[in-house]
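Note on naming: letters A, B, ... go to the chains in the order of the sequence lines (proteins, then strands), and numbering restarts at 1 for each one.
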Amino acid sequence: MKRTHHCNELRPSHAGETATLCGWVHSRRDLGGVIFIDIRDREGRTQTVFDPSDLAPELFALAGSLRSECVVSVTGKVRARPAGTNNPKIATGEVEIHASSLVVLNYAEVLPFPVDDPETAAKVNEELRLQYRYLDLRRPEMARNLRVRSKAATATRVFLDEQGFLEIETPTLFKSTPEGAREFVVPSRLHPGQFYALPQSPQQFKQILMVAGVERYFQLARCYRDEDLRADRQPEFTQVDIEMSFIEREDLYSLVEGLLKRVWSTALGMDIPTPFPRISFQEALNRFGIDKPDTRFGMELVDLTEDFRASAFKVFSGTIAQGGVVKAINAKGMAGATQGQIETMTDYAKSFGARGLAFIKVEKGEWKSPIVKFFGDVEKEALRSKLGIEEGDLILFAADQWLNACEILGKIRLYCADILKSQGKLVIPPNRFNFLWVVNFPLLSFDKEQNRWYSSHHPFTAPVDDDIPLLTTDPKQVRGQHYDVVVNGVELGGGSIRIHQPDMQKMIFEQILQIPSDLVKARFGYMLEAFRFGCPPHGGIALGFDRLVAILCGTTSIRDVIAFPKTAKGTCLMTDSPASLEPKQLRDLHLECRVPQKD
RNA sequence: GGGGGUGUAGCUCAAUUGGUUAGAGCGCUGCCCUGUCACGGCAGAGGUUACGGGUUCGAGCCCCGCCACUCCCGCCA
């Protein structure tokens with residue numbers, strides 16, 4: 001049975017050699033007199049031929065009894081195929097194995113769905129694919145995704161090792177830190193009534209490792225968040241977690257640029273240009289209406305506030321008088337938008353608290369709009385020149401406070417792009433990767449309901465040095481030393497330079513975030529204490545590894561790049577988890593369930 | 001927690017306004033076939049229309065409930 005070659009290896013130069021292939025029956029073509037069986041393994045597939053004229057009848061019958069996905073070992077002489085019978089579709093298409101022996105290592109029952117035909121298999125209900133994940137993963141596209149993931153992980157480790165980083169594991173049994181994401185909780189048998197929590201990220205450990213003098217740490221860290229799922233969010237996911245001492249922001253940018261350059265080159269053979277453009281949070285919102293802009297297409301937001309400050313159209317001028325702004329985008333080629341599409345966009349606007357959505361359709365040389373009659377000639381001319389209005393355009397307006405107006409149009413911009421893509425009017429090459437850094441986020445945001453400030457990112461983020469005096473006088477204006485790396489409108493990761501002075505950290509916790517002193521001590525006391533014993537300045541980043549691999553693989557769902565993902569309700573259809581416990585297990589854990597146990 | 005979509009043969013899908021025995025392709029089973037590679041030909045089996053109620057002379061289709069999958073909002077420091 002010993003395998004001599006894999007199924008993507010044999011070429012005409014091997015003719016005359018005896019070879020043994022092991023793998024799955026990909027397809028069987030029984031012509032009555034001669035049987036062709038394609039053997040598939042992880043690398044590819046190779047045709048074998050069973051010819052009754054030189055085979056024992058039992059062996060020929062055995063070949064005839066095979067069906068799809070049986071596991072076999074076939075031995076025979078490699079030979080060039082007869083003239084005119086080459087198969088140019090596969091790499092081994094010029095040769096075949098003239099079988100002299102066949103061992104059936106295992107039979108396969110009829111499969112619940114086909115794995116041999118990519119077009120059919122790709123359309124199979126995901127529920128079924130998840131239930132029989134081991135079959136789904138046999139499909140070449142899924143096998144390729146696993147391989148890309150492995151390549152990306154290895155490239156990451158090699159690159160960071162070259163850069164002097166140590167890979168260090170941190171605990172997955174941690175404790176609850178109620179800020180941030182909801183946590184998965186693990187009961188303790190040895191400590192009745194006490195619980196571990198699975199970490200939402202190794203944030204605190206990696207900072208402690210800097211205090212420990214590690215200087216350069218990384219980990220492909222599994223993280224856990226008990227929040228609702230999305231196509232790009234799973235309850236357990238993997239981060240490339242990085243932390244470095246004695247650095248400033250620029251040091252980290254160039255490290256991550258080098259890392260991503262290496263990953264793209266290893267996984268896709270592509271050179272991505274570095275350094276990445278930098279854009280401030282302010283500019284990202286002003287131009288794209290979102291803090292993770294997709295810059296692969298234009299349709300940028302245009303500010304019209306000054307043009308409408310004195311407008312007769314009170315909806316605009318009134319908003320401006322109250323400190324708001326008027327902005328617009330030009331969705332080129334969307335004048336034919338349907339009533340339903342306009343309504344969807346209006347609903348977006350309303351979900352942000354706007355009263356409605358103003359628009360102009362430019363059709364047959366006319367500006368069709370419920371509001372254009374309120375505009376003066378100067379205003380119309382400003383629109384025409386600033387927005388570059390032409391036949392077939394759809395202009396969409398937002399008049400609101402700055403952030404709201406930006407976010408409304410940002411949402412609509414992406415919606416319009418999707419429509420234009422589906423109509424073929426906007427074409428984005430699949431190998432286009434627009435990386436950029438978004439920087440200078442506000443350190444703090446205000447929670448109106450609770451009447452207090454909270455960290456935009458997390459409470460360990462250092463303020464920009466120049467803004468430190470503003471912490472007590474004008475917190476809103478304080479910029480954080482936080483950065484996000486974005487590609488094609490996807491937030492790939494984020495991080496920051498951390499606070500390394502214990503006094504500053506304590507001040508942020510207690511005075512700015514208004515966390516009571518005793519709570520700070522209970523939750524973060526060990527950290528503040530650590531900082532007092534010689535903490536180097538440090539910073540880091542966490543990259544969403546699943547998202548990164550999904551982008552490399554050209555898919556929008558990270559389920560396609562995770563071997564055994566959870567469903568949208570957080571269950572595993574293959575293993576049927578989560579599941580109930582035996583009463584004894586509950587007793588051992590000192591737990592009582594108030595919900596009837598499902599079997 | 002909220003909103004949208006889907007659920008019909010093993011798989012992918014169809015089924016006019018609520019109307020006869022729920023169809024097709026692939027797969028599967030049997031027979032035939034010595035150069036196929038989406039092999040081909042002939043024949044055949046296969047259905048609790050997710051599930052539970054209701055309306056109706058009659059429900060795959062309409063109504064109510066429920067389950068699963070999925071997308072989005074909230075949520076994800």
Side-chain angles (χ1 to χ4, degrees), chain A residues 26-40 45-55 60 64 67-69 81-90 92-93 96 98 109-132 135 177-183 200-201 203-204 223-235 237 344 347-348 350-352 411 414-415 418 443-445 447 453-461 480 482 491 494 496 508-509 513 515 523 544 556-557 559 566-571 573 598:
Chain A
H26 186 74
S27 71
R28 185 194 56 177
R29 296 175 294 282
D30 184 346
L31 273 63
V34 63
I35 301 172
F36 297 97
I37 290 175
D38 285 359
I39 313 295
R40 185 198 71 239
R45 58 189 231 237
T46 303
Q47 172 167 285
T48 64
V49 192
F50 291 79
D51 187 337
S53 63
D54 55 18
L55 280 180
F60 188 72
R67 62 155 72 102
S68 286
E69 300 303 311
R81 295 193 186 190
T85 64
N86 286 356
N87 182 358
K89 292 181 193 165
I90 59 175
T92 60
E96 62 191 11
H98 184 211
E109 291 183 16
V110 176
L111 268 47
F113 62 89
V115 302
D116 57 339
D117 177 9
E119 287 197 18
T120 323
K123 285 162 69 181
V124 170
N125 190 348
E126 192 167 11
E127 198 173 346
L128 207 61
R129 291 174 51 202
L130 289 173
Q131 185 181 349
Y132 299 97
L135 298 180
T177 53
E179 278 82 20
R182 194 177 298 116
E183 297 158 314
Q200 19 183 324
S201 83
Q203 180 64 35
Q204 296 178 43
C223 307
Y224 306 86
R225 293 181 189 173
D226 186 10
E227 298 290 351
D228 285 357
L229 284 72
R230 291 284 189 280
D232 63 351
R233 279 173 15 198
Q234 284 271 305
F237 61 99
T344 302
D347 288 345
Y348 281 142
K350 285 181 176 167
S351 72
F352 281 91
K411 190 99 183 165
L414 292 176
Y415 176 76
D418 278 342
L443 183 72
L444 301 160
S445 309
D447 183 339
W453 294 95
Y454 64 95
S455 299
S456 305
H457 180 46
H458 61 50
F460 313 112
T461 303
H482 172 62
E491 184 192 327
S496 59
I508 296 274
F509 279 142
L513 302 178
I515 305 175
R523 284 182 200 159
T556 51
S557 168
R559 291 190 298 272
K566 303 279 191 286
T567 68
K569 283 245 168 67
T571 66
L573 297 177
K598 291 184 190 169

Need one value for A:Thr92: base, sugar-phosphate or nothing, where a base atom within 4.0 Å counts as base even if backbone is also close, heavy atoms only.
nothing
Mind checking the C1' distance from B:rU6 to B:rU12? Whole angstroms is fine.
14 Å
The side chain of A:Ser53 lies closest to which of these nucleotides: B:rU34, B:rU70, B:rC11?
B:rU34
NA contact type, A:Asn86, heavy-atom cut-off 4.0 Å: base, sugar-phosphate, or nothing?
base
Report yes if a donor N or O on one partner sits less than 3.5 Å from an acceptor N or O on the other, where the partners are the side chain of A:Gln47 and the base of B:rU36; otherwise report no.
yes
Counting just side-chain N and O atoms, does A:Arg29 come under 4.0 Å of either OP1 or OP2 of B:rA38?
no
Taking atom P in both B:rC67 and B:rG46, what distance in whole Å separates the two?
34 Å
Do the side-chain N and O atoms of A:Thr567 and A:Glu127 include a donor-acceptor pair separated by under 3.5 angstrom?
no
Tell me if a side-chain donor or acceptor on A:Thr92 pairs with a main-chain N or O of A:Arg45 at a distance below 3.5 Å.
yes
With heavy atoms under 4.0 Å as the rule, sort A:Arg225 into base, sugar-phosphate or nothing.
sugar-phosphate
For B:rA22 versus B:rC66, give the span between their P atoms, rounded off to a whole number of Å.
31 Å
For B:rC37, does the base pair up with any side-chain atom of A:Arg81 as donor and acceptor (N or O, under 3.5 Å, distance only)?
yes
Backbone of A:Gly64 reached by a side-chain donor or acceptor of A:Arg28 within 3.5 Å
yes
I'd like the C1' distance from B:rC64 over to B:rC69, given in whole Å.
22 Å
Check whether any side-chain nitrogen or oxygen of A:Lys569 sits under 4.0 Å from OP1 or OP2 of B:rC67, and answer yes or no.
no
Of the listed B:rC33, B:rG35, B:rC71, the closest approach to the A:Thr85 side chain comes from B:rG35
Any strand is fair game: report the nucleotide pairing with B:rG30 by Watson-Crick or G-U wobble, both distances under 3.5 Å, or none.
B:rC42
From the candidates B:rC37, B:rC75, B:rG35, the one with an atom nearest any side-chain atom of A:Arg233 is B:rC75
Using a 4.0 Å heavy-atom cut-off across all strands, classify A:Ile90 as base, sugar-phosphate, or nothing.
nothing
The side chain of A:Glu227 lies closest to which of these nucleotides: B:rU70, B:rC76, B:rG27?
B:rC76
Taking only Lys NZ, Arg NE, NH1 and NH2, and the carboxylate oxygens of Asp or Glu, determine whether A:Arg67 and A:Glu109 approach each other closer than 4.0 Å.
no
May I ask you to verify if any side-chain N or O of A:Arg559 is less than 4.0 angstrom from the OP1 or OP2 atom of B:rC71?
yes
Taking a pair to mean Watson-Crick or G-U wobble geometry with both distances below 3.5 Å, B:rC69 pairs with B:rG5
Under a 3.5 Å cutoff, is there a donor and acceptor pairing between the side chains of A:Arg523 and A:Gln204?
no
Give a yes or no on whether a salt bridge exists between A:Arg233 and A:Asp228, defined as a side-chain N under 4.0 angstrom from a carboxylate O.
no
Roughly how far apart, to the nearest Å, are B:rC76 and B:rU8 at atom P?
36 Å
Would you measure the distance from the P atom in B:rC33 across to the matching atom in B:rG47 and give it in whole Å?
32 Å
When you compare B:rU17 with B:rU55, how far apart are their P atoms, in angstrom units rounded to a whole number?
25 Å
Is any side-chain nitrogen or oxygen of A:Lys411 closer than 4.0 Å to OP1 or OP2 of B:rC73?
yes
Would you say a side-chain N or O of A:Ser351 is under 4.0 Å from OP1 or OP2 of B:rG74?
no
Please confirm whether the shortest side-chain N or O distance from A:Arg230 to OP1 or OP2 of B:rC73 is below 4.0 Å.
yes
So what's B:rA24 paired with, Watson-Crick or G-U wobble, going by both distances under 3.5 Å?
B:rU12
With a 4.0 Å cut-off on heavy atoms, is A:Glu126 in touch with a base, just the backbone sugar-phosphate, or nothing at all?
sugar-phosphate
Just checking A:Pro82: base, sugar-phosphate only, or nothing, at a heavy-atom cut-off of under 4.0 Å?
base
Integer angstrom distance from the P of B:rG60 to that of B:rC37:
42 Å
Is the ring centre of A:Phe36 under 5.5 Å from the base ring centre of B:rU36, and are the two planes under 30° apart, so that they stack?
yes
Over all strands shown, is A:Glu96 touching base, sugar-phosphate only, or nothing at heavy-atom distances under 4.0 angstrom?
base
Using a cut-off of 4.0 Å on non-hydrogen atoms, how would the nucleic acid contact of A:Asn125 be classed: base, sugar-phosphate, or nothing?
sugar-phosphate
Who does B:rG74 pair with, Watson-Crick or G-U, both distances under 3.5 Å?
none
